[in-house]
A.B. asks: 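The structure under discussion is supplied below as structure tokens; questions concerning it will follow.
Since we're looking at a predicted model, the values are computed, not measured.
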Amino acid sequence: PAKETSKDELEQLSHQIPIVQFVRSVSDLPIDYVGSDNVGGTFIGTEHLIQLGHQRIACGGGPKQASARQERLQGYLDALQANGISMDEDLIISTPVSRESGRNAVSELLENKNAPTAAICYNDVIAFGLMIGLQSLGRVPGKDFAVVGFDNIEDAATWIPPLTTISGDPKKIGEVAVNRLLQRIASPDLEHTRISLEASLIVRESCGSH
């Protein structure tokens, strides 16, 4: 689904052709879905920051209406709750997906009376922007402020400092989605499924844990 895909449009389309929702989903629809475990992935990323000693952790970026953002926010909240940390709405921000948005978010977060010491970002692009913003203020990511992204895109390993991130398996997600679509084509009456593939934490220097 794209940004403005409506539930009614997708439901109507599903009666005409076989469909598998890929990476993003429109909720409450009996339509197959394949993507990363956004909730579990953000949970392990947030818990990693907590284990490093952070109590004030921001959840940065992403459009509010995006299903992936809602799921990643839930993983963040679940991790806070599991570790007895109160949620602070001032540390939860939504932004467009861009480096500029991540950079602009830094000022908003650091102006907080009780500023965060770490952030888990909606994706790697926003994390890159956040690190650029920190560096423009003379703060060193991984030393003065911990940053975790999501997606493990190609630039994450070569960024300065290298970005700690949550990694799905895009190739595997694509294979599973196509296989499910072929199954749906062959057997239109199959029970619908929601498949979330496990995500893993890739630890690099941006979180301060080498």
A.B. asks: Assess whether atom CD of Q16 is packed by more than 12 heavy atoms of other residues, nucleotides or ligands within 6.0 Å.
C.D. replies: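 Enclosed.
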A.B. asks: Output yes when D124 and R204 qualify as a salt bridge under the 4.0 Å nitrogen-oxygen rule, no when they do not.
C.D. replies: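 Not counted as a salt bridge, because no side-chain N and carboxylate O are separated by less than 4.0 Å.
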A.B. asks: Flag the pair L134 / D144 as yes when at least one side-chain heavy-atom distance between them is below 4.5 Å, and no otherwise.
C.D. replies: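 The answer is no; the side chains never approach within 4.5 Å.
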A.B. asks: Below 4.0 angstrom, N of the basic side chain to O of the carboxylate: do R194 and E71 qualify?
C.D. replies: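 Looking at R194 and E71, the cut-off is met.
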A.B. asks: Should the heavy atoms of other residues, nucleotides or ligands under 6.0 Å from CD of Q65 be counted, would the total exceed 12?
C.D. replies: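 Atom CD in Q65 is packed in, count exceeds 12.
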A.B. asks: Atom CD of residue position E175 - does it have more than 12 heavy atoms of other residues, nucleotides or ligands inside 6.0 Å?
C.D. replies: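 It does: E175 CD has more than 12 such atoms within range.
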A.B. asks: Should we say atom CD1 of I160 is surrounded by more than 12 heavy atoms from elsewhere, each under 6.0 Å from it?
C.D. replies: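 For I160, atom CD1 is not crowded (no more than 12 foreign heavy atoms under 6.0 Å).
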A.B. asks: Determine whether S6 and E9 satisfy the following criterion, side-chain hydrogen bond (donor to acceptor under 3.5 Å, both in side chains), listing intermediate values before the conclusion.
C.D. replies: CA-CA 5 Å; S6 74; E9 289 169 340; 3.2 Å; yes
A.B. asks: Salt-bridged, R56 to D88, with N to O below 4.0 Å?
C.D. replies: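 A salt bridge links R56 with D88.
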A.B. asks: Using a 3.5 Å distance criterion without hydrogens, assess whether the side chain of H192 forms a donor-acceptor pair with backbone atoms of P30.
C.D. replies: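 Yes; at least one donor-acceptor contact below 3.5 Å.
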A.B. asks: CD1/I31 to OG1/T193 distance, rounded to the nearest 0.5 angstrom?
C.D. replies: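 Result: 12.0 Å between the selected atoms.
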A.B. asks: Should we count CD of E191 as having more than 12 external heavy atoms under 6.0 Å?
C.D. replies: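 It does not: E191 CD has 12 such atoms or fewer within range.
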